[in-house]
Novice: 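What follows is a structure written as structure tokens; I'll ask about it next.
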Amino acid sequence: LTLTLTLAPTLTLTVADSQAKPVRTGAMAQLTAGAVNDMNNNNTAITPTLQLIDVKKIQPAMRPMPCYRLVISDGAQLMQAMLATSLNTMMDSGQLQQFSIVRLDEFICNTVQDRRIATVLNLTAIQACDEQIGNPVRIDEGAPGPTQPPSAAAAARRISRPLSGC
């Protein structure tokens, strides 16, 4: 169940349940409200639309191939992720970059040093964007483990913006 109320051309209020689905306003794709919370709670059945807030290339000492650490966001919350090395070419070619909008087609979540980290196994690049959407906060701030599903009041406070600036 998703309720969307358009308050202005660039401001959409979205209330969503824990069965996160992309929300659309006109032809403009939206980030999937509540997706980071669902991922943090190990819901790998979703295919969320998220933004890459940060991208960092890492060259581990014991591995010949570099990997990419990501910070992914649903516009309200963010979490760390690792990109499968089979997808490195998407980064190296510039198809993915900071602020890109992506759909996670396949991922897993693990706990590493008391933090939930998603490993992105397959994704689709939706579009490039030149700015961060929303003011997301880390999902693990103040909560060492998976969080509880949001209350209706908490979900009502989530605000998503259309990707018109992307």
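Heavy atoms only: backbone and side chains are in, while hydrogens, waters and symmetry mates are out.
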Novice: Which residues satisfy the side-chain contact (heavy atoms from CB on, under 4.5 Å) test with V120, sequence neighbours excluded?
Specialist: L70, A81, L83, L87, L104, L123

Novice: Just how far is it from atom CG of N42 to atom CG of N110, taken to the nearest 0.5 Å?
Specialist: 8.0 Å

Novice: Assigning hydrophobic clusters by single linkage (Ile, Leu, Val, Met, Phe, Trp, Tyr; side-chain heavy-atom cutoff under 4.5 Å), is M91 placed with L121?
Specialist: no

Novice: Is there a path of hydrophobic side-chain contacts, each under 4.5 Å between heavy atoms, that joins I53 and I139?
Specialist: no

Novice: Between the side chain of N40 and the main-chain N/O of R116, is any donor-acceptor distance below 3.5 Å?
Specialist: no

Novice: In terms of hydrophobic clusters joined by side-chain contacts under 4.5 Å, are L78 and Y68 together?
Specialist: no

Novice: What is the minimum heavy-atom distance between T85 and C67, and which atoms define it?
Specialist: CG2-CB, 4.2 Å

Novice: Going from CG on D130 to CZ on F99, what distance comes out if it is rounded to the nearest 0.5 angstrom?
Specialist: 8.5 Å

Novice: Under the side-chain contact (heavy atoms from CB on, under 4.5 Å) rule, what do L96 and V55 come out as? Steps first, then yes or no, please.
Specialist: CA-CA 9 Å; L96 296 177; V55 174; over 6 Å; no

Novice: I'd like to know if the side chain of Q132 reaches the main chain of G134, judged simply by a donor and an acceptor atom lying under 3.5 Å from each other, with no hydrogens or angles considered.
Specialist: yes

Novice: For M39, which of T44, D74, L50 qualifies under side chain to side chain contact (heavy atoms under 4.5 Å, CB included)?
Specialist: L50

Novice: Any chance you could measure Q80, atom CD, to R115, atom CZ, to the nearest 0.5 Å?
Specialist: 5.0 Å

Novice: Could you measure the distance from the CZ atom of R69 to the CD1 atom of I58? Nearest 0.5 Å is fine.
Specialist: 5.0 Å

Novice: For residues 94-106, which residue pairs qualify under side chain to side chain donor-acceptor pair (under 3.5 Å), counting only residues two or more places apart or in two chains?
Specialist: R103-D105, R103-T124, D105-T124

Novice: Nearest 0.5 Å please: distance from the SG atom of C109 over to the CG atom of D38.
Specialist: 10.5 Å

Novice: Quick one: does T32's side chain have a donor or acceptor within less than 3.5 Å of a partner on T49's backbone?
Specialist: yes

Novice: Please walk me through it: do Q30 and I133 pass side-chain contact (heavy atoms from CB on, under 4.5 Å)?
Specialist: CA-CA 10 Å; Q30 294 287 308; I133 297 172; over 6 Å; no

Novice: Quick one: CZ on R138 to CE on M79, what's the gap to the nearest 0.5 Å?
Specialist: 11.5 Å

